[in-house]
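I have placed the structure first, in the form of structure tokens, so that the comments after it can refer back to it.
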Amino acid sequence: MTESEFQEFLITVGYRYNKKSKSAFNSYEGFHTIIEFRTSENRYAVSLSAQVENQDDLSERLKEFLVSNKDFVTRAAYKNRMIRISVKMTVDSETDRERLKKVTSFMMELCKSETLTPMCRVCSRNRKTGLYVVGTELMPICDRCIIRKRKQYEHRRDMFEKKKQNMPAGIFGAIFGAALGASMYVLIYQLFSFWGIPAGFIAAFSFCGFVVTGERATRLSAVICGFISFIFFLAAEYVALVAGMSILIEREGGGIAVTEAMEMTNISFTDMSYLNTIIFELIVGTVVMILIGIVYFLKRSYTRPLKISKNVL
């Protein structure tokens, strides 16, 4: 079933559709049943926030519904004060319609059973609730909680928007952090190379250094930190190789000879097997630093304040 077909069908069974959250919802005497259209997971996710008088009885009813419809229901459970039912999505729109009709009918039976009490998703209290899109999720929230969440959003938004970035200090911090990470890389390399994986320290310390001294991270600062990290990684790899060669010469009784170690390291690059090992370490280290950058972007996106819509009811 396509999203437009999903939207059109649910209107016929008394649901309304919210495009931002890709969810349909039905309200009945304070209960808000929500059906999410999750194409990425190839399923429909049905949820209802409620308190239960007899949890064992509800669990039994959900289990019976799951068993009797196991050909299309993959989950039916009550956890964290929420009923959740997962329905398989197919390419046959008519099949999906029939399945969702059964699910919506079952959810209405639960709402009419007088064994459930509607509640606010935030405070878990039996209060009158509205439906709000928080980020991209549709949630039943009471008036007190929505006021508090709006204040939190405005405060965090102002912190993000009013905080100014100090680029020069940030770059200095990124360089200092990368240098610290590079020194750790060189030390660890003398014990074992770990195939370049410790390069993650260089990227992590560089990002942290920028955030601490630059006070605000942006996409540009991420690119700058990535570039600085890569340069320091190349330098750290070379220094680690020279240091390893110096230690080898010293063990052979040649004393500390850095210049000689550099010459021997440079000559070693002409050996293809040796060079391939170094290239492999550089590739692995670069991939690890890229992963650190992805984590940085994810953290940045998840720590941003989530916008709150008006009541969609």
Side-chain angles (χ1 to χ4, degrees), residues 1-3 5-7 9-18 21-142 145 313:
M1 188 186 299
T2 64
E3 186 177 352
E5 289 175 331
F6 174 74
Q7 180 179 354
F9 160 69
L10 285 169
I11 291 174
T12 66
V13 290
Y15 281 68
R16 291 166 58 191
Y17 187 73
N18 179 266
S21 62
K22 290 189 176 183
S23 304
F25 60 91
N26 171 268
S27 296
Y28 173 78
E29 295 187 356
F31 292 101
H32 304 295
T33 303
I34 300 169
I35 305 178
E36 298 176 59
F37 184 79
R38 297 186 178 179
T39 49
S40 60
E41 301 174 25
N42 201 35
R43 67 186 178 96
Y44 305 99
V46 185
S47 62
L48 172 66
S49 296
Q51 294 177 337
V52 184
E53 293 181 6
N54 189 330
Q55 186 168 335
D56 292 336
D57 180 59
L58 175 62
S59 297
E60 187 62 31
R61 292 188 66 176
L62 290 171
K63 184 178 179 181
E64 290 176 2
F65 182 76
L66 174 62
V67 172
S68 60
N69 300 283
K70 60 183 179 181
D71 56 327
F72 65 89
V73 175
T74 59
R75 178 191 183 190
Y78 178 75
K79 187 177 181 181
N80 297 327
R81 299 180 181 178
M82 183 181 294
I83 298 170
R84 296 182 185 272
I85 298 177
S86 295
V87 181
K88 291 180 183 177
M89 187 182 292
T90 71
V91 294
D92 188 340
S93 299
E94 192 57 40
T95 299
D96 284 6
R97 290 189 184 97
E98 291 302 318
R99 292 176 173 180
L100 287 174
K101 277 183 181 178
K102 287 185 180 181
V103 176
T104 54
S105 177
F106 175 68
M107 296 301 290
M108 184 56 71
E109 288 177 12
L110 291 178
C111 293
K112 292 180 178 180
S113 65
E114 297 183 355
T115 60
L116 304 181
T117 304
M119 66 170 215
C120 168
R121 175 83 70 84
V122 178
C123 65
S124 300
R125 295 180 181 177
N126 180 14
R127 292 174 176 168
K128 182 180 179 181
T129 57
L131 274 176
Y132 302 87
V133 182
V134 181
T136 58
E137 183 182 3
L138 197 60
M139 299 173 59
I141 306 176
C142 68
C145 289
L313 293 179

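The shown structure was predicted, so the numbers you read here are calculated from the model rather than taken from an experiment.
- Residue pairs meeting the side chain to side chain donor-acceptor pair (under 3.5 Å) criterion with at least one member in residues 60-71: none, sequence neighbours excluded.
- Using cut-offs of 30° and 60° on the angle between ring planes, the pair Phe106 and Phe65 is parallel.
- Remark: aromatic rings of Tyr17 and Phe37 are distant, center separation not under 6.0 Å.
- When each of Glu3, Gln7, Arg38 is tested with Lys22 by the rule side-chain contact (heavy atoms from CB on, under 4.5 Å), just one qualifies, namely Glu3.
- The minimum heavy-atom distance linking Leu48 with Cys111 is given by the pair CD2-SG, 3.9 Å.
- Checked against ring-ring contact (aromatic ring centres under 6.0 Å, His included), Phe9 has no partners two or more places apart in sequence or in another chain.
- Partners of Glu29 according to the salt bridge (charged side-chain N to carboxylate O under 4.0 Å, His left out) rule, which considers only residues two or more places apart in sequence or in another chain, do not exist here.
- Not counting sequence neighbours, Arg99 has no partner by the salt bridge (charged side-chain N to carboxylate O under 4.0 Å, His left out) test.
- Proximity of Arg84 to Tyr78: side-chain heavy atoms (C-beta onward) are nowhere separated by under 4.5 Å.
- For residues 103-124, the side chain to side chain donor-acceptor pair (under 3.5 Å) pairs, not counting sequence neighbours, are Ser49-Arg121, Arg81-Ser124, Ser113-Thr115, Arg121-Glu137.
- Judged by distance alone, the side chains of Asp96 and Thr90 do bring a donor and an acceptor atom under 3.5 Å apart.
- Residues that satisfy the side chain to side chain donor-acceptor pair (under 3.5 Å) test with Ser47, not counting sequence neighbours, are absent from this structure.
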